[in-house]
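Following: one structure in structure tokens, then a few remarks.
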Number of protein chains: 2
Amino acid sequence: MFNKETEYALRSLVYIQYRNNRDNMPGIEEISTEIEAPQSFIAKILQRMVRLGFIGSVKGKGGGYYFDANNAELSLKELILATEGGNILNGCGFGLKHCNSENPCPLHEQYGPIRDTINKLVSEETIQSLARKENAAFRVKNIGT
Amino acid sequence: MFNKETEYALRSLVYIQYRNNRDNMPGIEEISTEIEAPQSFIAKILQRMVRLGFIGSVKGKGGGYYFDANNAELSLKELILATEGGNILNGCGFGLKHCNSENPCPLHEQYGPIRDTINKLVSEETIQSLARKENAAFRVKNIGT
DNA sequence: TTACAAAAGGACAAAAAGGTCTTCTTGTAA
DNA sequence: TTACAAGAAGACCTTTTTGTCCTTTTGTAA
């Protein structure tokens, strides 16, 4: 569905928010361990998240990452647009550059509703709404084989 | 949505079937021009399609590619599984290896219906059903910028 | 029956995605 | 007030995807 960067960013951010909700500020080591993703890759991705202004970071002893509770919630859409662009949200299932109701590809009619549902999902859900779900931390973990 | 190989395969095959329906057997040059895709890449992809038994080919003067009308229709699902595997059809939106109703990721509930709809679409639609749509050839073209 | 059009095959190359490693900088806690 | 934990930064590497090019084989049409 999403590429690795989006996937790891999503899992990291939900984990950060979940821990913030419990008055913790996790660091890279904790995050990468808990979401089961490569530590240095997560470091790089979170660095980008900080530069984008999605999260804040604290350096030095006891440091880590946090969401500023004063900022608006971060929708999945904003995150996805920043990490992999709008291809999933706008692209034609057939790969045509100009596919629309006047000039539809053979999949247009059936794919439209799917794309709409995806757009609705990523517009309505936020990192915070996902982190609020009970057991969110557990569900963030990449358990299993 | 799909990767390039799937996308080009899809467009090529629909085009081939569309031309077959009109008693033509297009070659690589015609196909790649009409669907606006790199000729040598299309050649390689169609070679794979032949090896998979999805289409037949005729060498020599007047040669090209064709669907055997005696074979069953080729569902999009079969094609997708062959070109890029079942990730889109089975994968978890959150990227978890084991995401299910007992151990759901935070997106599980909302993503499930989307995945189901995609599965329904690719199971029901075939290359042939797409090629039958009026104006299919035009709609296969990648017109525009 | 042969010329040649067209597919088959495979080596190679470029670009993007995914990931690692090392060094530098910062700033908090002791 | 300094030690050091932890993030920042960027070079570099690997794998996968996407694509190109060239040679060989095939088989139909003339």
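Every chain is numbered from 1, with letters handed out A, B, ... down the list of sequences. Being a predicted model, the structure only gives us computed values, none of them experimental.
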(message) What is the distance, to the nearest angstrom, from the OH atom on B/Y66 to the C1' atom on C/dA7?
(response) 12 Å

(request) Quickly work out the A/I42 CD1 to D/dA8 P distance and round it to whole Å. (result) 14 Å

(request) Let me know the distance between CD of A/E84 and P of C/dA16, rounded to the nearest Å. (result) 16 Å

(request) Rounded to the nearest angstrom, tell me the gap between atom CD in A/E36 and atom C1' in C/dG19. (result) 17 Å

(message) Strictly distance-based, threshold 3.5 Å: is any side-chain N or O of A/T117 a donor or acceptor partner for the main-chain N or O of A/P113?
(response) yes

(request) Run the salt-bridge test on B/R19 and B/E30 with the 4.0 Å N-O cut-off and return the result as yes or no. (result) yes

(message) Counting the atoms with a prime plus P, OP1 and OP2 as sugar-phosphate, which does B/I28 contact under 4.0 Å by heavy atoms, base, sugar-phosphate, or nothing?
(response) sugar-phosphate

(message) Nearest whole Å is fine: how far is C/dA5 P from B/E30 CD?
(response) 17 Å

(message) Looking at A/R51, I'd like to know whether one of its side-chain N or O atoms comes within less than 4.0 Å of OP1 or OP2 on D/dA9.
(response) yes

(message) Judged by each residue's nearest nucleotide on DNA chain C, which is more toward the 5′ side, A/G62 or A/K59?
(response) A/K59

(request) Could you tell me whether the side chain of B/N119 and the main chain of B/R115 form a donor-acceptor pair under 3.5 Å? (result) yes

(message) Taking any heavy-atom pair under 4.0 Å as a contact, classify B/S57: base, sugar-phosphate, or nothing.
(response) sugar-phosphate

(request) Please determine, for the side chain of B/F41, which listed nucleotide (C/dT28, D/dT18, C/dA7) has the closest atom? (result) D/dT18

(message) Closer than 3.5 angstrom, by distance alone: can the side chain of A/E78 be matched with the main-chain N or O of A/S75 as a donor-acceptor pair?
(response) yes

(message) At less than 3.5 Å, do the side-chain atoms of B/K44 and the base atoms of D/dG19 form a donor-acceptor pair?
(response) yes

(message) Quick check with a 6.0 Å cut-off and a 45 degree axis cone: is A/R22 positioned over the face of A/Y18's six-membered ring?
(response) yes

(message) Here's a test of your reading of the structure: between B/Q47 and A/Y8, which maps to the more 5' nucleotide of DNA chain C?
(response) B/Q47

(message) Of the options C/dA8, D/dG19, D/dG7, whose atoms approach the side-chain atoms of B/Y65 most closely?
(response) C/dA8

(request) Give the rounded distance in Å between these two atoms: CG of A/N24 and C1' of D/dA6. (result) 16 Å

(request) Find the distance B/M25:CE to C/dA5:P and express it as a whole number of Å. (result) 16 Å

(request) Grab the CD1-C1' distance between B/I16 and C/dA6 for me, whole Å please. (result) 14 Å

(request) Taking only the side-chain heavy atoms of A/K61 (C-beta and beyond), determine which of C/dA7, C/dT28, D/dT20 contains the nearest atom. (result) C/dT28

